[in-house]
2 protein chains.
Amino acid sequence: MKNNLSASLEDYLELICNLLETSSCVKAVEIAKKLNISRASVSEALVKLADKNLIIYEGHKGITITPEGLKKAKEVILKHNTFTSFFENTLGLDKVIAEDNACKIEHVVSDEVFEKIREFQLYCENNQDFIDKFKKGKNN
Amino acid sequence: MKNNLSASLEDYLELICNLLETSSCVKAVEIAKKLNISRASVSEALVKLADKNLIIYEGHKGITITPEGLKKAKEVILKHNTFTSFFENTLGLDKVIAEDNACKIEHVVSDEVFEKIREFQLYCENNQDFIDKFKKGKNN
DNA sequence: CAAAATTGTAAGGCATGCCTAACTATTTGT
DNA sequence: ACAAATAGTTAGGCATGCCTTACAATTTTG
């Protein structure tokens with residue numbers, strides 16, 4: 001009953017959730033293409049996610065996410081978006097760099113740090129002049 | 001000739017560097033105790049670090065760090081300290097939480113993000129009232 | 001509706017990084 | 001110096017997560 005997902009499985013779940021936003025039927029082959037890994041590896045991962053009751057996977061019928069899986073996916077996605085936004089909007093980093101780093105950090109950061117960054121970012125948004133001054137510095 | 005270290009090897013190197021600050025002779029068994037892993041695992045890791053010319057390891061004689069290893073170690077340690085300080089001093093998080101998260105993030109963050117955080121933290125230090133106001137908020 | 005294309009699975013491999021158990025080498029202490 | 005304690009290594013195992021190759025199932029399409 002260990003609910004802890006590896007970084008890898010979190011990535012799969014996150015992607016599945018994102019793909020389900022736009023299409024009602026997600027196939028394993030799509031995931032393989034997006035993550036640039038083999039169909040076989042995806043197949044293995046999907047079995048693991050299904051074992052953990054995070055998705056329902058029935059081969060050619062496509063992938064469905066369970067309520068539990070959705071909850072977990074949303075958590076990861078929120079972390080992802082929070083860090084991406086912090087890096088891009090608050091710190092003024094390049095979008096791609098912001099995304100790349102958020103993608104890694106989302107899997108290792110604790111809830112406390114995540115929450116605090118969230119708060120801090122909100123605080124910064126309400127003090128845009130402070131951030132603007134930073135961005136105008138010797139940076140860029 | 002791939003110079004990329006795994007998170008695990010970076011941790012070993014970082015610890016070796018830190019231990020060499022206070023004692024001139026570091027033994028594998030010390031590392032095993034500090035990282036709470038088996039002597040066997042440490043032995044394997046040290047062979048890998050030596051293969052990459054980051055340390056000089058001759059069994060019972062102890063571990064020495066090479067200039068190359070020192071350079072790499074200092075980089076990781078700087079990232080570690082930067083994130084720890086950002087979390088603890090700037091965001092006002094608990095020291096232990098700050099350390100734990102820095103320990104993970106230091107291995108996955110890119111140089112660009114690291115540098116920017118460094119700059120930002122410096123900027124915040126010069127605007128302590130802004131940070132104090134944040135810390136006094138509904139947080140804590 | 002059957003051949004072709006697509007999609008999915010199984011088997012066997014590889015690397016990392018950890019483990020334990022058993023062994024060897026070195027150091028320490030009397 | 002030699003027995004005991006400490007330190008290090010080797011061998012074999014396990015889990016994760018990726019790979020390729022080959023095969024099976026399904027869907028598409030002529």
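What you see is a predicted model, and the numbers here were worked out from it, not measured in a lab. A note on names: the letters A, B, ... follow the listed sequences, proteins ahead of strands, and every chain is numbered from 1.
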Measuring only between side-chain heavy atoms, which start at C-beta, is A:L49 closer than 4.5 Å to A:I16?
yes
For residues 31-39 of chain A, which residues have at least one heavy atom under 4.0 Å from DNA chain C?
A:K33, A:R39
Filtered N/O pairs between nucleotides 13-17 of chain C and protein, under 3.5 Å:
from, atom 1, to, atom 2, distance (Å)
C:dG17, OP1, B:S6, OG, 2.3
C:dG17, OP2, B:S6, OG, 3.4

Electrostatic pair A:K72:A:E68 at N-O distance under 4.0 angstrom
no
Is a donor on one side and an acceptor on the other found under 3.5 Å between the side chain of B:Y123 and the backbone of A:F130?
yes
Whether A:K116 and A:E112 form a salt bridge (side-chain N of Lys/Arg under 4.0 Å from carboxylate O of Asp/Glu) is what I want to check.
no
Is a donor from one side chain sitting under 3.5 angstrom from an acceptor on the other, for B:S110 and A:N101?
yes
Just to confirm, is there a sub-4.0 Å distance from OP1 or OP2 of C:dT9 to any side-chain nitrogen or oxygen of A:Y57?
yes
Set out, line by line, the N/O atom pairs under 3.5 Å between protein and nucleotides 25-27 of chain D.
none

Is there side-chain contact between A:E125 and A:L122, with at least one heavy-atom pair below 4.5 Å?
yes
Of all pairs that satisfy side chain to side chain donor-acceptor pair (under 3.5 Å), the ones with a partner from residues 18-27 of chain B, not counting sequence neighbours
none
Applying a 4.0 Å non-hydrogen cut-off, can you work out what B:A28 is touching in the nucleic acid: base, sugar-phosphate, or nothing?
sugar-phosphate
Would you call A:L78 and A:F83 a side-chain contact if the rule is heavy atoms closer than 4.5 Å?
no
Sort and list the pairs that fulfil side chain to side chain donor-acceptor pair (under 3.5 Å) and have at least one residue in residues 76-87 of chain A, not counting sequence neighbours.
A:E14-A:H80, A:K79-A:D111, A:H80-A:E99, A:H80-A:E106, A:S85-A:N89, A:S85-A:Q121
Any pair with a residue in residues 29-40 of chain B that passes side chain to side chain donor-acceptor pair (under 3.5 Å), sequence neighbours left out, goes on the list, sorted by first then second residue, please.
B:S38-B:S41
Rounded distance in Å - CD1 (B:I63) to C1' (D:dT9):
14 Å
